[in-house]
Each structure stands twice: as C-alpha cells, then as structure tokens.
Amino acid sequence: MAASTTRLSTLYPHIPPSAIESFHAHLASSTRVLALLGAGLSASSGLPTFRGAGGLWRTHEATDLATPQAFSADPGLVWQFYSYRRHMALNVKPNMAHYALAEFAKKMPGFQTLSQNVDGLSPRAGHPAEQLKLLHGSLFDVKCHNFFCNYVETANYTDPIVPALALPTDEDVDLTTNAAREASREARELDIADISVALPDVPETALPHCPSCGGLLRPGVVWFGESLPAGVLETVDAFLEDPLGVDLILVIGTSARVFPAAGYIEIARSRGARVAVINTEMDLPPGQLTKDDWFFQGDAAVIVPELLRPVVGDLEGVEEKL
Ligand code: BJW
Ligand code: ZN
C-alpha cells in the first residue's frame, strides 16, 4: 500500500484504502483537472464558513450581509462585517491544503481552480494566478459603489482600511507611540462578531470613499444578484468546453448551494469528469453524488495533501510556514 494511502487510512479509518487507491490511479491518468473550492478549505486556518455553525455574525446570517441591499440599507454595518473579515483573514495562515493545491497547479498545466473564497489564502500560498479564478472576488479588492464610476483598487491590505473601522478595544488604547498602539490593540481587541460586544457607531462620512467621484467604496466581492467578475465566466466556460474534456473535478469544502459555482460540478461531469468530494459532512444537495464519485469525509487540510501527494510529494518546507 502506498504511504499516502496508509497515512490517510490511519487518520481516517472510515476512508477505505481502495477508494484512495482508485482515486490515485485516476489522478495518474488525468491531465485536465478542475477544483471547486469553498469556505471549508479555510476552516482549519481558523476562518468561519457561511452556512451552519459559525455562519452567524452578531445576529446576522453572513449571507444576509452579502447583498447590495444590505450595503445600501446600512453601509456602516456591512463595512464593519467586511473589515472584521479582512482583519481575520490577514491574521491567519494558509493551511496544507492551500499549499498542496498551489503546488499541484505548478506541476499540472491542465489544472484550473475555481475558488469561491475571498480570503486571499490561496494567493498567499503561491497558487499561480492564471490557474486561480476568484469567482466571488476578494476581500482585498475595493471598488466604487457608484454605478457610473469604474474606480477599483486591488491588493489593498490596509487594516483597518480606514481608522473608523478599527476593532474596538476593551480599554482606551495608548495612542502615544506606534509600538504601544500595536501591542495594546493585539492584547485587547474585542470580537465584534459576538453580539455581547457593543458595535461602534461608524458614520458614513468615516467609511472609505472613492478618490475619483467621492462616492462610497465597497468591498470587491460578489454579492447575491451580482455578476461574477468580468472574464472569469469566459475562462471557466472555455476550460469546460475544450474538446479535450475534463478528467476530474475536486469539490473541496463547499456546500455547493450557490450558483453558478455549484453548477460547474454537473457541467464538468457532463464533460467526462469523475467527481471527488472532500468535506467534513455529506453536505451536497441530495442526489448530487453518484456511485462513481469519491467522497472523502474529513478535514480538507488533512485529506487534500494526501490525495495530491503522488503529484506534489512531501511539500517540503511548508510545515515551517504554518
Ligand atoms: C469543511 C471543513 C473542513 C467545513 N474541511 N470541509 C440558479 C438557481 C437558483 C439561484 C440562482 C441560480 N443562478 C444564480 C442564482 C442566484 C444566486 C444563488 O446562487 N442563489 C442561491 C442561494 C440559490 N447567485 C448569484 O446571485 C450569483 N450571481 C449570479 O448568478 O449573477 C447572475 C444573475 C444575477 C441575477 C439573477 C440571476 C443571475 C452570485 C453569487 C455570489 C455569492 N456570494 C457569496 C458572498 C461573497 C462575499 C463574502 O464572502 O462575503 O459567496 S455568498 C457565500 O456563499 C460566499 C461563498 O463563496 C458562497 C459559497 O459558500 P461555500 O463556500 O460553499 O460555504 P458554505 O458555508 O456554504 O459551505 C462550507 C462547506 O465546508 C460545508 O459543506 C462544510 O461541511 C464544509 N467544511 N469545515 C472540509 N475543515
Ligand atoms: Zn467612484
């Protein structure tokens, strides 16, 4: 038995060695591979998912705040939600699965990754940009909310993006020196996801504003009812419509409830792909899994590096970055 099969079967005895071996055999003959990534990929880095436990921010469902209507109704609240998530994402690290996927992309030119995640962890793991399509944008892009203005900023990592969005602290912060301010903030930041913590009142004038038109800026993510980023749908369609077809789709840490992302699983299947699902739960819509699919139940951060090990190897040097 291969080392990766033994390791995974030891960690997760419910995964039959035969399933790992048949997956590895298929991987060995695959040249065109897709991955559909969701929030579960980043769960063991410490970021909450959208649905189920952890999907509540204060009293709000995270998905209720991810709408243009929520932003128009209360831009201060929505900016506090996204500023909090920017801060969280900047303070966690990519996990072994992000690194394994990044390495897999470097080794396999016919690999394309469709990520629904906006947390920036795949780019930070070194995933080649041309093999990473950010279906739902990025927390670190910012754009103008004014329909008639095209202002966009990419890779804005300023945290907080404006001073008014700094997390509250449990005492007055010593503002006399930068060092004291940083130390104090780290020690005493309050978790505004928790309803028992008072949310600071942020006036609209203190939110990020567009340097071009003076309108409000908003996070560069894709909210419900909005189109996916220009060019992304075309690239995905071109990959799926290629006469060479698709050999395999890895469906990692997603509940596959949001379209068009979720629809790519069945489209890939119709183009010949076998489907491998990696998830802590059997969470796909009923009937989506067939007998030829693989379901590897467990933490993506553990399972993905073992599944990809025949191609990516030991990922030397990565442990030190975790
Ligand atoms: C682990 C784990 C571990 C945990 N290891 N696993 C067709 C039919 C019906 C509706 C539509 C349709 N086509 C379009 C729509 C409308 C809509 C839609 O899909 N609605 C559905 C709710 C039905 N789609 C849209 O509006 C999209 N736009 C669009 O289609 O434009 C054209 C159009 C416009 C107008 C009308 C019609 C068409 C845009 C969708 C944008 C989604 N945006 C969000 C927010 C992004 C910003 C932000 O981050 O705040 O994207 S919503 C949210 O859901 C976020 C996520 O990317 C997305 C998917 O969630 P994900 O990643 O699957 O997370 P979870 O929490 O659901 O699942 C986590 C999984 O991980 C679970 O399964 C766990 O078990 C697992 N897990 N720990 C492995 N350690
Ligand atoms: Zn503007």
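This is a predicted model, so every value here is computed, not measured. Numbering of ligands and ligand atoms starts at 1, following listing order. Computed from heavy atoms alone, side chains included, the values below leave out hydrogens, waters and symmetry copies.
Salt bridge R271/D242: absent, no basic N to carboxylate O contact under 4.0 Å. Residues R218 and E226 are paired through a salt bridge, judged by an N-O separation under 4.0 Å between the basic side chain and the carboxylate.
Of the candidates S255, A39, S227, G220, the one placing a heavy atom closest to atom 67 (O) of ligand 1 is S255. By heavy-atom distance, the residue among L284, V251, V221 lying nearest atom 47 (C) of ligand 1 is V221. Closest heavy-atom approach to atom 61 (P) of ligand 1 among the candidates L228, T280, V222, T254: T254. For atom 48 (C) of ligand 1, the candidate residues are R51, E281, H136, R85; the nearest heavy-atom contact is made by R85.
Heavy-atom distances between P219 and ligand 1 stay at or above 4.0 Å for every pair.
Side-chain polar atoms of D191 and Y84 form a donor-acceptor pair below 3.5 angstrom. Side-chain atoms of T290 and D292 form no donor-acceptor pair, as typed in the model, at a separation below 3.5 Å. Checked by atom type, the side-chain pair D283/S255 shows no donor-acceptor distance below 3.5 Å.
Test P208, C213, S72, P68 against H145 for side-chain contact (heavy atoms from CB on, under 4.5 Å) and you get one pass: S72.
Below 3.5 Å of separation, one finds an N or O of F50 facing an N or O of ligand 1. Every N/O-N/O distance between G38 and ligand 1 stays at or above 3.5 Å. Between S44 and ligand 1, no N or O atom pair is found at a separation short of 3.5 Å. Distances between N or O atoms of A300 and those of ligand 1 include at least one value under 3.5 Å. Checked against a 3.5 angstrom limit, the closest N/O atoms of G253 and ligand 1 fall inside it. Distances between N or O atoms of T63 and those of ligand 1 include no value under 3.5 Å.
Contact check for L135 versus V222: no side-chain heavy atoms found under the 4.5 Å cut-off. Counting only heavy atoms from C-beta outward, the side chains of L217 and Y151 approach each other to under 4.5 Å. Between W223 and V78 there is a side-chain heavy-atom pair separated by less than 4.5 Å. Using a 4.5 Å heavy-atom cutoff, the side chains of L289 and M282 are in contact.
With the Zn ion (ligand 2) as the vertex, SG (C213) and SG (C144) define an angle of 100°, rounded to 10°.
Each of the atoms 49 (O) of ligand 1 lies under 4.0 Å from some heavy atom of V118. Atoms of ligand 1 lying under 4.0 Å from at least one heavy atom of Y82, given by number and element, are 47 (C), 48 (C), 50 (O). Against a heavy-atom cut-off of under 4.0 Å, P260 is close to the following atoms of ligand 1: 30 (O). Every atom of ligand 1 is numbered from 1 in the order shown, and the set under 4.0 Å from a heavy atom of G298 is 5 (N), 79 (C). Heavy-atom contacts of D299 reach the following atoms of ligand 1: 3 (C), 5 (N), 80 (N) (cutoff under 4.0 Å). For ligand 1 and D283, the ligand atoms under 4.0 Å from any heavy atom of the residue are 72 (C), 73 (O), 75 (O). Those atoms of ligand 1 with a heavy atom of V258 less than 4.0 angstrom away are 19 (O), 40 (C), 42 (C), 54 (O), 58 (C), 59 (C).
Protein heavy atom at the shortest distance from atom 3 (C) of ligand 1 is G40 O, 3.2 Å. Among protein heavy atoms, the minimum distance from atom 33 (C) of ligand 1 is reached at G225 O, 4.6 Å. Taking atom 20 (N) of ligand 1 as the reference point, the nearest protein heavy-atom neighbour is F224 CE2, 3.9 Å. Looking at atom 59 (C) of ligand 1, its nearest protein heavy atom turns out to be Q116 OE1, 3.2 Å. In terms of protein heavy atoms, atom 75 (O) of ligand 1 is closest to N279 OD1, 2.7 Å. For atom 11 (C) of ligand 1, the closest heavy atom belonging to the protein is F259 CB, 4.0 Å. Taking atom 23 (C) of ligand 1 as the reference point, the nearest protein heavy-atom neighbour is R257 O, 3.7 Å. Closest to atom 32 (C) of ligand 1 among all protein heavy atoms lies E226 O, 4.3 Å.
Note on ring orientation: taking the six-membered ring where Trp is involved, the planes of F111 and F104 are perpendicular (angle over 60°, cut-offs 30° and 60°). Between W294 and F23, the ring planes lie perpendicular to each other; the angle is over 60°, past the 30° to 60° tilted range.
Within a 4.0 Å radius of atom 27 (C) of ligand 1, the protein contributes at least one heavy atom. Proximity of atom 38 (C) of ligand 1 to the protein is not indicated, since no non-hydrogen protein atom lies closer than 4.0 angstrom. Protein heavy atoms are found less than 4.0 angstrom from atom 79 (C) of ligand 1.
Minimum heavy-atom separation, D247 to T31: OD2-N, 2.8 Å. Of all the heavy atoms in L132 and Q112, the pair that sits closest is N-OE1, 3.3 Å. Taking all atoms of both residues into account, the shortest heavy-atom contact from L139 to D119 is CD1-CA, 4.1 Å. When every heavy atom of P200 is checked against every heavy atom of Q80, the shortest pair comes out as O-NE2, 3.3 Å. The shortest non-hydrogen separation linking L240 to Y264 is CD1-CD2, 3.6 Å.
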